[in-house]
Number of protein chains: 4
Amino acid sequence: MRIKDESKQKAIINATVKLVNEIGFAACSVSKIADLANVSPATIYIYYKNKEDLLISTFIEIKKMLSETLLVNFDKNRPFRDILKTFWDNGFRFSAKYHDLYLYMEQFANSAFNDLVNHDEIDKHFAPFFEVLKRGIEQKVIKDVPFEMLTAFIFYPMMILANSKQCKNLTLNSETIDKAFSLAWDAIRL
Amino acid sequence: MRIKDESKQKAIINATVKLVNEIGFAACSVSKIADLANVSPATIYIYYKNKEDLLISTFIEIKKMLSETLLVNFDKNRPFRDILKTFWDNGFRFSAKYHDLYLYMEQFANSAFNDLVNHDEIDKHFAPFFEVLKRGIEQKVIKDVPFEMLTAFIFYPMMILANSKQCKNLTLNSETIDKAFSLAWDAIRL
Amino acid sequence: MRIKDESKQKAIINATVKLVNEIGFAACSVSKIADLANVSPATIYIYYKNKEDLLISTFIEIKKMLSETLLVNFDKNRPFRDILKTFWDNGFRFSAKYHDLYLYMEQFANSAFNDLVNHDEIDKHFAPFFEVLKRGIEQKVIKDVPFEMLTAFIFYPMMILANSKQCKNLTLNSETIDKAFSLAWDAIRL
Amino acid sequence: MRIKDESKQKAIINATVKLVNEIGFAACSVSKIADLANVSPATIYIYYKNKEDLLISTFIEIKKMLSETLLVNFDKNRPFRDILKTFWDNGFRFSAKYHDLYLYMEQFANSAFNDLVNHDEIDKHFAPFFEVLKRGIEQKVIKDVPFEMLTAFIFYPMMILANSKQCKNLTLNSETIDKAFSLAWDAIRL
DNA sequence: GATGAATGAGTGTTCATTCAT
DNA sequence: CATGAATGAACACTCATTCAT
């Protein structure tokens, strides 16, 4: 048995991401992806059960990458604000470095496919982040409100600001990123 | 000649919104909409130039409704924080009252169709909101940062919190809504 | 009872002919014709039983016009060759003057609709022409071959030569028309 | 992978030709062709880019066959009249043997599709025929008139006479074919 | 007489997926 | 493993025609 060609799978994923960004989820078909990836449509079904599986797997893959990037330089012994700031900076770094992946992630998360994803599985990768928030509440550094309310003022503003389509007039640089963080921090700190 | 039956157009819009919420944008076809609206597919093309036109027009209609709802009880002479709080409450009221419309709006805004919309036209309806922010900055009540940064901490957290799909574990009531507002306010105030 | 608006009917016929020439029979729809004629699709059904009736009636109308034009200056007492030459010139005059009608006629005659036409009815209008041929045979001026063979060397070459689409490189003027007639005449004369 | 089934393509072409003859160009739809060919509509799009491509390719294929048939027994050293007579006989042979193809060709040539064909490409196959005419003029055997005028008295009468729909009352046999040729020859000879 | 609204049936084409090689 | 051929079902959209006014 030959081994599955990893370069082919990567080509498929890249094509998927690129195409979704170019023409959107609805217009994205398996054969168009195959064309762009320079493989046969049938080949895609070797690597993925079906179209849904391809789209979902790609999403999960990206989410994993994001969680890994977010945790770079994570040191739970540093001051609470600094830890959050590191997350924040890492998030923007990811959005800049892997912009296509980032936009795919957003389109996916707001599509009907999102309902089909096992989010508990994904949340595991973000566990350290939730741990930090939990300690922050316990140590009375941040407000004692539900997690979802906290993330609504940390994660989502970040996602919007990092989304070039939604924020056309805002240039992202270390200055604006810092500024934005001060808003996020003010929102949640006690 | 027969006169245009307004109830038909309403049925088409309702069916569109409902279907997008049920099965998502990508899976939403003209004939499915027609079936749900109890009209012939051809009838849809009397009221709309094509599928794109139907989806965009529906989006704009909803945006208009939202802007109108946001401005209820708007009184520019009240204290700045109160004005914002009124916007905030109106936003959640809209999301509760017209939940389907709200979810449609979100899916649309994150789809590829969003690029086809003339956003300047829509922004006009939200002008009073931007005026308020502008005055807030001038009067040194809120932080002097770009508009898009301010809305990222007011509008978008609201949209996330009001989106039942994204925030499954958060019950919205006047208490949580007030609490969330205090975070938004802390984010932007000086 | 109001009287049928003759100008409307003319507009419909003109639109039909123009559209068939522009986009061809297959692409020609009732609503497109209605648009071009500036009437409602329903109006067409006041004047014609259905689309087929419209197309056929238009064809017959044109054929009638052609037969009338062919008979201009017809004088059975003139020499046989002169009579034919008059037919010949009249034919080219018609094709030049009513070029759109001419091309419509050709497209129609070669389409499947042609089978639906009562050709005996049309042939009546061309009876004088056949009479002339008959006399020509009797007087041993032209070859004694079946009518259809004679027309194949008079009518059809004329139709081809007068069809700008088929004969792109041939300029029609009195000289070339005369020249062509000499070929036709040589073909049939004894 | 499966290999392209040549019999399928042939079935598609046959169905196309047959259907055009039965119901005409305008009424001829892809799904009807697919039904008659016993393939899925989608299969047609494996062999042809679209409907237009199918119709045009079929036309060109037939034209090529015709040109090959016309050139059977072609010997440029025989007397000029004999060469033409051989063309003439070959033409009628083709029209009899491949009557459906012949009628398809005629309908196509008089439809709007004809404008989309690259006629220079087709004319190449008929080059020997034009060569013969050219030599005939040079050797002062036939009249010195434009090519299009000559073909109008050779090709087109032949096409009409061979078209059973246009010439219902004329039986084609070697006698009538010879007779008709004498008219054509008289038309063009000096 | 004249109209635009309304439609079921159809259009050409693409879809996600499977099959044979 | 990898492929292009093959497909039934669906797609967005237009058709010829009728209806109510």
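All heavy atoms count here, side chains included; hydrogens, waters and symmetry mates do not. A note on names: the letters A, B, ... follow the listed sequences, proteins ahead of strands, and every chain is numbered from 1.
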Checklist entry - Is the D:F113 ring parallel, tilted or perpendicular to the D:F25 ring (thresholds 30°, 60°)? => result tilted
Item to check | d(OH, C:Y45; C1', E:dA6) in whole Å | outcome: 14 Å
Checklist entry - Are a donor atom and an acceptor atom from the side chains of A:N110 and B:Q107 found within less than 3.5 Å of each other? => result no
Item to check | side-chain contact (heavy atoms from CB on, under 4.5 Å) partner of C:F108, the single match among C:V20, C:V17, C:I62, C:I56 | outcome: C:I56
Checklist outcome for this item: So the stems of DNA chain E, runs of at least three Watson-Crick or G-U pairs (under 3.5 Å), are E:2-21 with F:2-21
Next on the checklist: I need the NZ-C1' distance between C:K49 and F:dT18, as an integer number of Å.
Outcome noted: 16 Å
Checklist entry - Atom CG of B:L19 and atom OH of B:Y104: how far apart are they, to the nearest 0.5 Å? => result 11.0 Å
Checklist entry - C:Y47 and C:I12: which non-hydrogen atoms are nearest, and at how many Å? => result CD1-CD1, 4.0 Å
Next on the checklist: By the salt bridge (Lys or Arg N to Asp or Glu O under 4.0 Å) test, which pairs, at least two apart or in different chains, include something from residues 20-41 of chain D?
Outcome noted: none
Item to check | Whole-Å distance separating the CD1 atom of B:I46 from the P atom of F:dT14 | outcome: 12 Å
Item to check | Toward the 5' end of DNA chain F, by each residue's nearest nucleotide, D:K8 or A:N38 | outcome: A:N38
Checklist entry - Checking all strands, does B:V30 fall into the base, sugar-phosphate, or nothing category for heavy-atom contacts under 4.0 angstrom? => result sugar-phosphate
Checklist outcome for this item: note: B:N50, atom CG; E:dT13, atom P; distance rounded to Å ~ 18 Å
Item to check | Protein-nucleotide distance (A:D35, atom CG; F:dT3, atom P), rounded to Å | outcome: 12 Å
Checklist entry - So what does C:Y48 hit on the nucleic acid, given a heavy-atom distance under 4.0 Å: a base, only sugar-phosphate, or nothing? => result nothing
Produce the list of close N/O pairs, under 3.5 Å, pairing protein atoms with atoms of nucleotides 8-10 of chain F; give distances to one decimal.
unit_1	atom_1	unit_2	atom_2	d
F:dG8	N7	D:S40	OG	3.0

Checklist entry - Atom CG of B:L19 to atom C1' of F:dA12: distance rounded to whole Å? => result 15 Å
